[in-house]
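What follows is a short report on a single structure.
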Amino acid sequence: TAKTGDRPWLFQNLRSQPRPPGIFGCEYGCSFHRKERFPMDLLLHICCAPCSVACVKTLREEGTEPVGFWYNPNIHPFLEYKARRDTLRQYAADIGLDLREEDFYGLRQFTAAVAQDSDHRCGYCYACRMERTAQYAAQHGFARFSTTLLVSPYQNRELIRAAGERMGERYGVEFAAYDFRPRFQEG
C-alpha cells in the first residue's frame, strides 16, 4: 500500500483547516500535526513515565517534538521493569508521543557488569543506556538525543552528561544535556 507521503494531496484539505485545540491535551493538536510542525530530531531516552512529564512538556514548549525511547535493562525486578514500561506505553499513547522500544530485560548482563563493583553501578547504568540511545539515534537519523534522567536532582548529572557526550561522539550524534531539574516536581 502507498504511504501518506506518497500522496501529499490526500491530507491537503485537512492541513488547511484550523485544528481544534486540546487534542491529546496539547495546543498543537494531534501527533500527526505536531510532527508536521516540528521535525523529528531528538530521541529522548525515558526511564519512566513520571520523569518524562516535565521533559516532554519542556521540549514541546521550545518547539521540539521528542521521540521517546525505552531502553532500561538495569531496572529490576521484572515486575518493576514491566510496570514502568507498561505505564510509559499508556502515557505515551495518552499524550500522542511517538515511543520506540528496545524491550530488553537484562538481569544477567546487569548483574555480571556490576557484581564486582556495585558501588559504581550508576556509571554502568548511565553508560549502557546512553550508548544504546546514541546508537539507535544514529541508526534512525536523529540529530540529537537526551534523557529524562536529567530531570532528577537525585541522579548524578555530571556522570550522565559525561556518558551522553562520550556516546554521542562515538556514534556521531549530539547529546543535548538539558537541565530539566527545575520542573522535577511536575512529574
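Reckoned from all heavy atoms, side chains included, excluding hydrogens, waters and symmetry mates.
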Nearest 0.5 angstrom please: L88 CG to L97 CG, how far? 7.5 Å
Is it true that the side chains of R129 and N72 contain a donor and an acceptor less than 3.5 Å apart? yes
With N156 via side-chain hydrogen bond (donor to acceptor under 3.5 Å, both in side chains) - residues at least two apart: none
Quick one: do F175 and M130 satisfy side chain to side chain contact (heavy atoms under 4.5 Å, CB included)? Show the steps, please. CA-CA 9 Å; F175 178 68; M130 294 304 94; 4.0 Å; yes
Residues which pass salt bridge (charged side-chain N to carboxylate O under 4.0 Å, His left out) with D103, listed by chain and number, not counting sequence neighbours: R85, R89
Do Y105 and H76 pass the side chain to side chain contact (heavy atoms under 4.5 Å, CB included) test, and can you show the C-alpha distance, the side-chain angles, and the key distance before you say yes or no? CA-CA 8 Å; Y105 179 70; H76 307 289; 3.1 Å; yes
Would you tell me whether D94 and Q90 have side-chain atoms, one donor and one acceptor, within less than 3.5 Å of each other? yes
Restricting to non-hydrogen atoms, name the atom on S52 and the atom on I46 that form the minimum distance, rounded to 0.1 Å. CB-CG2, 3.8 Å
Determine whether the aromatic ring centres of residues W70 and Y81 are separated by less than 6.0 angstrom. yes
When you check the side-chain N and O atoms of E131 and Y171, is any donor under 3.5 Å from an acceptor? yes
Compute whether any side-chain donor of one residue and acceptor of the other, for H45 and T147, lie under 3.5 angstrom apart. yes
Aromatic ring proximity, centroids under 6.0 angstrom, F184 and Y154: yes
Any side-chain donor paired with an acceptor under 3.5 Å for Q155 and Y126? yes
Is a donor from one side chain sitting under 3.5 angstrom from an acceptor on the other, for Y178 and E62? yes
Go through the steps to decide whether L44 and V67 satisfy the test side chain to side chain contact (heavy atoms under 4.5 Å, CB included), and finish with yes or no. CA-CA 6 Å; L44 181 65; V67 172; over 6 Å; no
